[in-house]
Protein chains: 2
Amino acid sequence: MSAPASKSPATLHDVAREAGVSLATASRSLNGSARKVNESYRLRVVEAAQRLGYTTNLFAQAVAKGSTTTVALLVADIADPYFSSIAAGVIDAASEENLVVTIAVTGRDSQRELDTVRALRGQRPRVMILAGSRTTGSPFEEHLRAELSSFEDTGGKVAFISQDAAPFATVLLDNHGGARDLAVALAGLGYRDVAVIAGPAEIRTAQERLAGFTAGLAEHGVRLPAERIIHADFTRDGGYRGTQELLAAGAGVDLIFAVNDVMAVGVVSALRDAGLVPGQDIGVAGYDDIPTVRDITPALTTVRIPLEDVGRRALRLATGTAHDGDGTGASAGFGAIPTETVIRESTPPR
Amino acid sequence: MSAPASKSPATLHDVAREAGVSLATASRSLNGSARKVNESYRLRVVEAAQRLGYTTNLFAQAVAKGSTTTVALLVADIADPYFSSIAAGVIDAASEENLVVTIAVTGRDSQRELDTVRALRGQRPRVMILAGSRTTGSPFEEHLRAELSSFEDTGGKVAFISQDAAPFATVLLDNHGGARDLAVALAGLGYRDVAVIAGPAEIRTAQERLAGFTAGLAEHGVRLPAERIIHADFTRDGGYRGTQELLAAGAGVDLIFAVNDVMAVGVVSALRDAGLVPGQDIGVAGYDDIPTVRDITPALTTVRIPLEDVGRRALRLATGTAHDGDGTGASAGFGAIPTETVIRESTPPR
DNA sequence: CCGAGGCTGGTAAGCGCTTTCTCTGTTACT
DNA sequence: AGTAACAGAGAAAGCGCTTACCAGCCTCGG
């Protein structure tokens with residue numbers, strides 16, 4: 001190594017001395033500045049920095065400038081493809097703007113979510129993106145709102161993903177509409193005896209999808225009796241157990257709609273384990289179109305959300321980089337993200 | 001809100017004034033310190049902080065203390081379940097130690113990986129965890145090493161996940177052994193005409209798995225001719241296309257081993273699309289045991305790696321929190337992570 | 001030929017926090 | 001009672017960086 005391998009990183013001061021210029025000049029030549037500096041000086045500084053293996057201390061820079069390059073992303077569970085796809089989008093868009101993404105996981109726990117937001121504020125991120133599903137009636141909801149408002153008051157930006165969150169910017173997912181369209185399509189295929197594995201009762205995304213689905217069925221005169229709605233965990237195992245419960249109740253059902261794909265995957269497995277052929281004996285549909293549902297058997301009917309795009313959009317929404325006319329090209333404004341019903345083998349016509 | 005909603009966040013200075021104490025006292029009472037502070041003072045400070053909605057500016061704190069609470073995690077693709085599971089583990093272990101995790105994605109591009117490491121150094125993270133697969137013979141490899149060494153020289157810690165990375169701490173994944181065991185098990189089931197969809201030739205993880213698998217087969221006298229080894233992308237689509245290629249070559253094969261699960265998922269789909277019944281006509285095996293492979297049809301034979309655990313372990317290895325005797329309880333030392341062959345329906349006995 | 005600007009380096013005052021050191025007020029002994 | 005030893009609060013000096021602000025130097029126009 002040519003680097004002197006000291007015990008602490010080289011500072012700008014070191015670089016300035018090595019280059020024989022002042023601190024100010026060094027700063028100006030290394031980190032953009034409106035001021036011009038003589039090319040020969042600049043070169044000397046850059047070379048000195050190179051030689052010493054100097055990298056700007058972003059923290060110190062942040063302190064001095066009073067603004068950071070951090071984006072905080074809160075997700076319920078990073079291992080869930082839904083969230084990791086969104087995260088991929090956020091990270092992608094962030095790196096375009098030279099922002100660094102910090103990810104925290106809240107595990108669908110409002111208390112913990114609140115704590116996390118508090119802790120994250122210490123990072124003074126430029127923007128905070130909350131992707132965990134909002135719940136209704138949580139006692140922490142109000143505190144969260146307050147915390148976020150105060151964050152915005154002090155110059156931060158927040159963006160929500162999913163349902164409208166009052167005063168904050170939101171990438172709206174049209175859960176109701178998507179589920180409604182799906183229901184219409186399925187009813188059109190001839191399904192009549194429907195059950196829904198819904199998420200936890202207090203999660204709004206789950207509520208909306210359930211409501212939309214019910215509405216869509218109603219348009220075709222299909223009723224969804226209350227006992228055909230099973231609330232379960234928002235996970236693969238939730239879907240599995242919900243299905244067991246449903247089957248145990250002995251309902252004669254020709255279609256199961258799980259309010260998200262990971263649950264639907266659980267449904268398929270549960271059906272199979274119960275000796276039924278998913279798709280053939282009972283149709284199955286999910287929501288989200290996570291990558292895997294294309295590959296399971298039968299391929300799952302679902303509602304596509306352009307997840308990565310949603311992530312990207314959330315970031316841009318928050319940073320104010322309108323930047324439209326890219327990617328899908330669809331939906332220029334700030335309306336809800338368009339969803340698309342994708343019929344696959346898991347719901348053959350009846 | 002009772003907070004005055006000023007234009008910039010409350011500073012410690014504000015808190016001190018509000019509480020009528022000195023800056024030093026405020027600092028001492030809010031953020032741990034060896035020094036004791038009169039309880040009544042402490043209370044006043046805490047209340048004032050509460051009232052003003054104060055949160056410590058972590059950056060400033062970092063600058064003053066000269067150390068941060070950040071962990072940087074580099075992954076190839078956060079949307080890949082392999083990496084997102086690892087990330088979940090890292091984040092989990094990190095939050096236990098009050099560390100914040102920053103995730104950057106490198107997209108399996110050595111150049112970009114190097115750039116990212118450089119950029120991340122600016123954050124002065126306490127530890128850097130590299131989970132992307134190492135490649136062999138990349139011209140950037142040496143630079144990366146240098147950059148990381150210099151990072152360690154200046155007080156950082158580096159941990160690699162996967163194969164031994166010379167002077168740096170590593171959570172060793174026994175790719176060779178795992179693949180070998182798998183091959184032995186499969187040969188034991190009667191498979192004889194084997195093909196491998198290997199990853200890109202330069203990725204070490206792929207190489208090792210291929211080598212281990214070949215060795216395992218050899219133990220049972222099964223040969224793996226070179227034309228039965230197809231190199232393809234490390235993704236689902238890579239597996240798909242590799243399989244198409246294989247089938248086009250018209251080889252009479254009874255088993256396809258894909259060097260990772262996402263590729264194996266692609267293999268299954270490709271077989272099916274070619275009118276074959278995976279598992280029945282041709283056995284399929286993968287590697288990693290990502291959550292989804294349990295749920296696809298046929299359920300996939302694979303090699304289990306406790307991914308979250310690997311993430312946790314990487315963090316602890318780097319922070320020096322030995323902290324053993326938890327979770328799985330398995331493997332106390334720093335040996336390779338134990339893998340386990342999981343035979344499922346995709347490889348019925350022949 | 002001189003003063004007004006325009007450039008561009010350097011000096012120094014912060015940014016929000018920690019921490020050393022000083023200094024005053026107590027407590028504990030002889 | 002007098003002093004040593006000890007707390008514990010506050011003043012102030014940083015941490016690494018940015019950015020007014022000041023000071024030379026050069027270029028022009030009158």
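Every chain is numbered from 1 and lettered A, B, ... according to where its sequence line falls, protein lines coming before strand lines.
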Which atoms form the tightest heavy-atom contact between A:S8 and B:T154, and what is the distance?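 Residues A:S8 and B:T154, closest heavy atoms: C-CG2, 3.8 Å.
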How do B:Y41 and A:A24 order along DNA chain D: which one's closest nucleotide is nearer the 5' end?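 Closer to the 5' end of DNA chain D: B:Y41.
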Return whichever of B:N38 or B:R124 has its heavy-atom-nearest nucleotide of DNA chain D closer to the 5' end.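 With B:N38 and B:R124 compared, the 5'-side residue is B:N38.
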Rounding to a whole Å, what distance do you find between [X]:[atom1] and [N]:[atom2]?
X	N	atom1	atom2	result
A:K65	C:dC17	NZ	P	20 Å
A:R42	C:dT8	CZ	P	14 Å
A:R17	C:dG10	CZ	C1'	17 Å
A:L12	C:dG10	CG	C1'	14 Å

A:Q61 pairs by side-chain contact (heavy atoms from CB on, under 4.5 Å) with which of A:T56, A:T68, A:T69?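 Single pass found, and it is A:T56.
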Evaluation steps, salt bridge (Lys or Arg N to Asp or Glu O under 4.0 Å), between A:D309 and A:R312: CA-CA 5 Å; A:D309 228 57; A:R312 268 190 285 270; 3.5 Å; yes
B:R121-B:S150 side chain donor-acceptor pair, cut-off 3.5 Å: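 Per modelled atom types, B:R121 and B:S150 side chains form a pair under 3.5 Å.
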Hey, are the side chains of A:R124 and B:L58 touching, using non-hydrogen atoms and a 4.5 Å cut-off?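 Contact flag for A:R124/B:L58 side chains = no.
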Does the side chain of B:L43 come within less than 4.5 Å of B:Y41's, by heavy atoms?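 With C-beta onward as the side chain, the pair stays apart.
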Indicate whether OP1 or OP2 belonging to C:dT18 is found under 4.0 Å from a side-chain N or O atom of B:S27.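 For C:dT18, OP1/OP2 do have a side-chain N/O of B:S27 under 4.0 Å.
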Shorter than 3.5 Å, N or O on both sides, protein versus nucleotides 21-23 of chain C: list them out with atom names.
{"from": "C:dC21", "atom 1": "N4", "to": "B:R35", "atom 2": "NH1", "distance (Å)": "3.3"}

Where chain A begins and ends its contact with DNA chain D, read 5' to 3' at 4.0 Å from heavy atoms: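 The protein-touched segment is D:dG16 to D:dC21.
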Can you measure from [atom1] ([X]) to [atom2] ([Y]) and round to the nearest 0.5 angstrom?
X	Y	atom1	atom2	result
B:T70	B:M128	OG1	CE	12.0 Å
B:L23	B:H13	CG	NE2	7.0 Å
B:E96	B:I91	CD	CD1	13.0 Å

On DNA chain C, does the nearest nucleotide to A:A60 precede the nearest nucleotide to A:V21 from the 5' side, or the other way round? Give the residue.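 Closest to the 5' end, via its nearest nucleotide, is A:V21.
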Looking across every strand, which nucleic acid part, if any, lies under 4.0 Å from A:V37 by heavy atom: base, sugar-phosphate, or nothing?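 The answer is sugar-phosphate, as A:V37 gets under 4.0 Å only of primed atoms, P, OP1 or OP2.
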